[in-house]
Amino acid sequence: MSNITFTMIKPDAVKAGHIGAILAQINEAGFRIKAMKMTKLSMETAGRFYEVHKERPFYGELCEFMSSGHIVAAILEKNNAVADFRTLIGATNPAQAEEGTIRKRFATSVGENAVHGSDSDENALIEGSFFFAGTEQF
Ligand code: GDP
């Protein structure tokens with residue numbers, strides 16, 4: 001069990017003006033922000049971030065979407081961070097997400113699903129260091 005996870009508020013949620021509401025829900029759930037920035041991914045950077053999905057049929061669509069606008073990237077800290085954050089965001093497809101989860105509240109489709117959350121402790125560390133140098137983590 002690790003106490004770190006990595007998240008992005010995706011372009012759909014940023015464009016719709018949900019940064020503040022999503023961060024409030026993250027804070028209320030007990031996560032501490034260790035690092036945060038707003039940035040924009042190129043197709044190439046999105047492709048590298050999602051390289052594990054490159055054989056999946058939606059890879060191109062995913063990279064286009066993730067580079068279509070600004071994102072907010074953050075490293076979050078809490079006991080049992082990875083699992084608790086996956087519970088907080090809900091299922092990949094918002095139609096199947098629990099009531100009150102971030103994806104249920106803010107996502108519009110399985111692709112444009114408002115937020116990213118790491119799926120393992122190992123990936124949380126890899127993804128966090130993809131965006132943040134050690135000197136940017138507090
Ligand atoms: P997650 O761990 O819940 O984010 O889900 P996955 O690891 O399975 O997929 C990564 C991301 O790819 C998701 O969050 C979606 O943004 C996107 N994605 C997953 N399935 C689909 C799909 O069927 N179509 C499209 N366009 N995007 C998808």
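Throughout, numbering of the chain's residues begins at 1 and tracks the sequence. Remember, it's 1-based here, ligands and their atoms both numbered in the order they're listed.
With a heavy-atom cut-off of 4.0 Å, H116 does not touch ligand 1 at all. Under 4.0 angstrom from ligand 1, there are no non-hydrogen atoms of M66. Under 4.0 angstrom from ligand 1, the non-hydrogen atoms of L62 all belong to its side chain. Residue contacts with ligand 1, taken as heavy atom pairs separated by less than 4.0 Å, involve R103 solely via side-chain atoms from C-beta onward. The side chain of K10, and not its backbone, has at least one atom closer than 4.0 Å to an atom of ligand 1 (non-hydrogen atoms only; side chain from C-beta on).
For F49 and F131, the ring centers are positioned less than 6.0 Å apart. Aromatic ring centres of F106 and H18 lie closer together than 6.0 Å.
Closest protein heavy atom to atom 13 (C) of ligand 1: N113 ND2, 3.6 Å. Nearest protein heavy-atom neighbour of atom 24 (N) of ligand 1: F58 CB, 3.5 Å. Annotation: atom 15 (C) of ligand 1 to nearest protein heavy atom, V110 O, 3.2 Å. Nearest non-hydrogen protein atom to atom 5 (O) of ligand 1 is T92 OG1, 3.3 Å. Among protein heavy atoms, atom 27 (N) of ligand 1 sits closest to G111 CA, 3.4 Å.
Not a single N or O atom of Y50, backbone or side chain, sits closer than 3.5 Å to an N or O atom of ligand 1. Between E112 and ligand 1, a contact under 3.5 Å exists for no N or O pair.
Checking each of I9, L23, L76 against M36 for a side chain to side chain contact (heavy atoms under 4.5 Å, CB included) leaves exactly one that passes, namely L23.
Judged by a 6.0 Å distance limit and a 45° cone about the ring axis, K78 is positioned over the six-membered ring of F31. With a 6.0 Å cutoff to the six-membered ring centre and a 45° limit on the axis angle, K37 counts as a cation-pi contact of F132.
Numbered from 1 in the order shown, with element, the atoms of ligand 1 that lie under 4.0 Å from a heavy atom of R56 read 8 (O).
The pair E51-K54 meets the salt-bridge criterion, with a side-chain N (NZ, NE, NH1 or NH2) lying under 4.0 Å from an Asp/Glu carboxylate O.
With distances taken over non-hydrogen atoms, the option nearest atom 7 (O) of ligand 1 out of E61, E64, R86, H53 is H53.
Put simply, CD on E127 and OH on Y50 are 8.0 Å apart, with the number rounded to the nearest 0.5 Å.
For CD of E98, the number of neighbouring non-hydrogen atoms (other residues, nucleotides, ligands) closer than 6.0 Å is 12 at most.
Checked against salt bridge (charged side-chain N to carboxylate O under 4.0 Å, His left out), K15 has no partners two or more places apart in sequence or in another chain.
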